[in-house]
Amino acid sequence: MRYAPPRVTRQVNPVITLLDAKLHVAGSEMLWREVIGNGFGLASAIGGMRRRVWAWPVGIAGNALLFTVFLGGVFHTPQQLDMAGQAGRQLMFVAVSLYGWRSWYRHAARETGLEHRGVDPRWAGRRERVVMVAAMLAGTVVFAQLFAWLGSYGPWAEAWIFTGSVLATYGMARGLAEFWLIWIAVDLVGVPLLVRAGYYPSAALYLVYAGFVAWGFVVWTRGMRQGARIARPLEPAAAR
């Protein structure tokens with residue numbers, strides 16, 4: 001009688017299953033975590049347009065997934081590319097989002113109306129605009145050198161995207177309407193870069209983002225004009 005060794009059942013780790021799951025489209029492989037992570041990002045953009053506090057934690061969840069996507073050489077993605085700028089900006093998003101989450105939550109808690117918006121949008125002052133433009137240019141130059149040293153794919157484009165993402169996320173946290181315009185500048189560079197690198201879900205979402213960014217800018221500017229009209233009749237009485 002021959003001895004048969006006991007069969008070892010392999011336990012399925014749902015986290016590893018999520019990280020490895022792939023979607024096959026037109027002969028190409030795409031990671032489900034790239035699709036899901038970008039879905040969280042889209043939901044966060046919608047929440048940001050509506051000035052809802054939940055936009056921040058939803059965005060953080062997407063950032064965590066996309067961080068693994070853009071370190072393809074480490075997490076074995078189909079592209080096998082390490083995009084240091086794209087991965088690094090996910091960590092930056094988390095850090096700035098924690099600030100934005102706290103700021104919007106505190107603002108919403110102080111509101112007495114039913115909407116409980118996370119922020120009151122405004123235009124940046126002249127000094128703030130000068131600082132943002134200078135930071136965009138200087139940041140692109142500095143981070144391009146860093147990403148090139150790290151061997152990142154497309155270091156100059158990545159530096160532009162990374163720097164713009166920092167400024168746009170911070171501007172959103174502060175309620176500066178110009179942050180929508182910065183996102184447009186990011187998308188103009190991000191779409192060609194991601195297509196060239198083979199990150200098609202992210203490239204497609206950048207195009208969708210562009211539509212939401214344009215609409216979000218319109219929504220915020222309308223809100224500011226409505227707020228100005230409401231406040232204007234109070235000014236003569238306050239002056240007396």
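Taking 4.5 Å as the limit, some side-chain heavy atom of W101 sits within range of a side-chain heavy atom of V53. Side-chain atoms of T221 and W123, non-hydrogen and from C-beta on, do get closer than 4.5 Å to each other. In this structure, Y170 and M92 have side chains that are not in contact, with every pair of non-hydrogen atoms separated by 4.5 Å or more.
Within 6.0 Å of CZ on R129 lie more than 12 heavy atoms contributed by other residues, nucleotides or ligands. Applying the 6.0 Å contact sphere to CZ of F217 captures more than 12 heavy atoms from other residues, nucleotides or ligands. Heavy-atom contacts from other residues, nucleotides or ligands closer than 6.0 Å to CH2 of W220 number more than 12.
Hydrophobic clustering of Ile, Leu, Val, Met, Phe, Trp and Tyr side chains at less than 4.5 Å, counting indirect connections, keeps F162 apart from V131. Put simply, M224 and V218 are part of the same group of oily side chains (I, L, V, M, F, W, Y) that touch within less than 4.5 Å, one to the next. Taken together through direct or relayed side-chain contacts under 4.5 Å among Ile, Leu, Val, Met, Phe, Trp and Tyr, L207 and L194 form part of one hydrophobic cluster. Under a hydrophobic-cluster definition in which Ile, Leu, Val, Met, Phe, Trp and Tyr are linked whenever side-chain heavy atoms come within less than 4.5 Å, directly or via other members, V96 and L98 are assigned to the same cluster. Connection of V130 to L176 is not established within any shared hydrophobic cluster, with ILVMFWY side chains joined at heavy-atom distances below 4.5 Å, either directly or through further cluster members.
Nearest heavy atom pair, residue W156 against residue V141, reads CZ3-CA, 4.0 Å. For G164 against I182, the heavy-atom pair with the smallest separation is O-CG2, 3.3 Å. Scanning both residues, R33 and L66, for their nearest heavy atoms gives O-CD2, 4.4 Å. The shortest heavy-atom contact between V195 and Y200 is O-CE2, 3.7 Å. A pairwise comparison of heavy atoms in G47 and A55 identifies C-CB, 3.5 Å as the closest pair. Heavy-atom minimum distance, A197 versus Y153: CB-CE2, 3.6 Å.
To the nearest 0.5 angstrom, D120 atom CG is 3.5 Å from H107 atom NE2. To the nearest 0.5 Å, the span separating CG on N38 from OH on Y209 amounts to 6.0 Å. Atom CE of M172 is separated from atom OG of S97 by 7.5 Å, given to the nearest 0.5 angstrom. With rounding to the nearest 0.5 angstrom, the CZ atom of R52 is 13.0 Å from the CD1 atom of I46.
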Q: For the pair Y206 and L188, evaluate side chain to side chain contact (heavy atoms under 4.5 Å, CB included) and give the outcome as yes or no after the intermediate values.
A: CA-CA 9 Å; Y206 266 51; L188 289 174; over 6 Å; no
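W104 and W56 have perpendicular rings, their planes meeting at more than 60° on a 0 to 90° scale where under 30° would count as parallel.
At distances below 3.5 Å, at least one donor-acceptor pair connects side-chain atoms of E178 with backbone N or O atoms of A124. In this structure, S44 contributes its side chain and F40 its backbone to no donor-acceptor pair below 3.5 Å. No side-chain donor-acceptor contact under 3.5 Å links W215 to the backbone of M49.
Contacts of R122 classified as salt bridge (charged side-chain N to carboxylate O under 4.0 Å, His left out), with partners at least two apart in sequence or in another chain: E128.
The side chain to side chain contact (heavy atoms under 4.5 Å, CB included) test with S165 singles out one residue from T163, L167, I161, and that residue is I161.
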